[in-house]
Structures are given as structure tokens and as C-alpha cells.
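The next block holds one structure in the form of C-alpha cells; read it before the comments.
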Amino acid sequence: MQQIILIIHVLTAIGLIAFILLQQGKGAEVGASFGSGASQTLFGSQGSGNFLTRATAILVAIFFITSLALGYLASHHAKPKDLDELLKHAHPAPVTSNKTSEKGGDIPSSKE
């Protein structure tokens with residue numbers, strides 16, 4: 001679940017960057033470089049401002065929701081509260097045994 005939300009979050013961030021960079025500033029006239037009003041015909045008579053503004057607002061809302069969801073999932077991830085709980089869930093280390101006889105000497109191996 002967290003991976004899906006993270007993918008949506010990253011794609012939304014990339015889309016936000018693209019839409020913000022496509023928008024014109026208040027004083028910028030892109031149509032001046034293409035002729036009088038030629039830039040307005042691609043998105044209709046109102047221009048691209050309305051479309052880009054709405055798309056950016058939708059992406060901002062999605063980005064906000066995914067940010068909250070990722071924060072919630074990260075904060076509610078199962079974490080041990082103290083050292084005792086951590087040690088209960090830890091895997092025991094493998095026990096290495098030294099083979100010794102009852103008399104205290106080493107048990108001879110068959111490889112000698």
C-alpha cells in the first residue's frame with residue numbers, strides 16, 4: 001500500500017513541476033513571439049490559464065493527500081517501545097558449542 005501511494009506521490013510531484021513551469025506569469029506575453037493571439041488558439045479563446053490552473057489545483061490536492069497518507073503510514077509503522085520488547089522479537093543468535101568431554105578435555109574429532 002505504501003509503495004503505491006509513494007509512486008502516486010512522485011508522479012504527482014513531477015506533474016506539478018511540469019504544470020507550474022508551463023504557466024505564464026502575469027506580465028509574460030507568449031503570444032507576442034508567435035504573433036498576435038496565436039498562443040490562445042491551442043487551449044481555446046480563454047487561453048491555457050484556466051486549464052493549467054485547474055490541473056495544478058487538482059495535482060496540489062492529490063499531492064497533499066498522498067503526503068498526509070505517507071506521514072500517517074510512517075508514524076503508525078510497528079515500532080518496539082522499549083528494549084525488552086525489541087529483545088523479545090529479535091532472532092536468537094546461533095549457539096556455538098565447544099565439544100568437551102566430562103573430564104574437561106577436548107573430544108577428539110574423527111578427522112585426525
Side-chain angles (χ1 to χ4, degrees):
M1 180 71 171
Q2 189 172 4
Q3 288 83 13
I4 293 171
I5 295 173
L6 185 62
I7 290 171
I8 293 170
H9 188 73
V10 170
L11 291 176
T12 303
I14 293 170
L16 266 173
I17 292 169
F19 278 122
I20 288 172
L21 290 176
L22 284 174
Q23 292 183 19
Q24 321 176 30
K26 287 186 176 183
E29 286 292 328
V30 177
S33 62
F34 296 113
S36 63
S39 66
Q40 306 263 338
T41 59
L42 180 62
F43 294 103
S45 63
Q46 294 179 349
S48 63
N50 197 17
F51 168 74
L52 291 176
T53 304
R54 286 181 188 226
T56 304
I58 291 169
L59 287 177
V60 166
I62 293 171
F63 186 81
F64 185 73
I65 291 169
T66 56
S67 296
L68 290 176
L70 287 172
Y72 177 79
L73 290 175
S75 68
H76 285 79
H77 191 267
K79 297 178 189 173
K81 295 183 179 174
D82 57 0
L83 184 60
D84 291 333
E85 189 176 330
L86 179 65
L87 292 175
K88 287 179 187 175
H89 297 296
H91 298 289
V95 177
T96 58
S97 63
N98 294 335
K99 295 182 181 179
T100 58
S101 68
E102 292 176 4
K103 295 178 184 178
D106 290 339
I107 297 175
S109 64
S110 61
K111 294 183 181 179
E112 292 181 8

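Numbers here simply count residues along the sequence, with the first being 1.
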Checklist entry - Taking atom OG1 of Thr56 and atom CD1 of Ile17, what is their separation to the nearest 0.5 Å? => result 12.0 Å
Next on the checklist: Rounded to the nearest 0.5 Å, what separates atom OG1 in Thr12 from atom CZ in Phe19?
Outcome noted: 11.0 Å
Item to check | Donor-acceptor side-chain pairing of Gln23 and Thr53 below 3.5 angstrom | outcome: no
Checklist entry - When hydrophobic residues are tied together by side-chain contacts of less than 4.5 Å, even through go-betweens, does Ile8 share a cluster with Leu16? => result no
Next on the checklist: According to a hydrophobic-cluster definition based on side-chain heavy atoms being under 4.5 Å apart (Ile, Leu, Val, Met, Phe, Trp, Tyr only), do Leu6 and Leu73 belong together?
Outcome noted: yes
List the atom pairs, donor and acceptor, that lie under 3.5 Å between side-chain atoms in residues 59-71 and the rest of the protein, sequence neighbours left out.
residue, atom, partner, partner atom, Å
Thr66, OG1, His9, ND1, 2.7
Thr66, OG1, Ile62, O, 3.0
Thr66, OG1, Phe63, O, 3.0
Ser67, OG, Phe63, O, 2.8

Next on the checklist: Just checking Ile4: does its CD1 atom have more than 12 heavy atoms from other residues, nucleotides or ligands closer to it than 6.0 angstrom?
Outcome noted: no
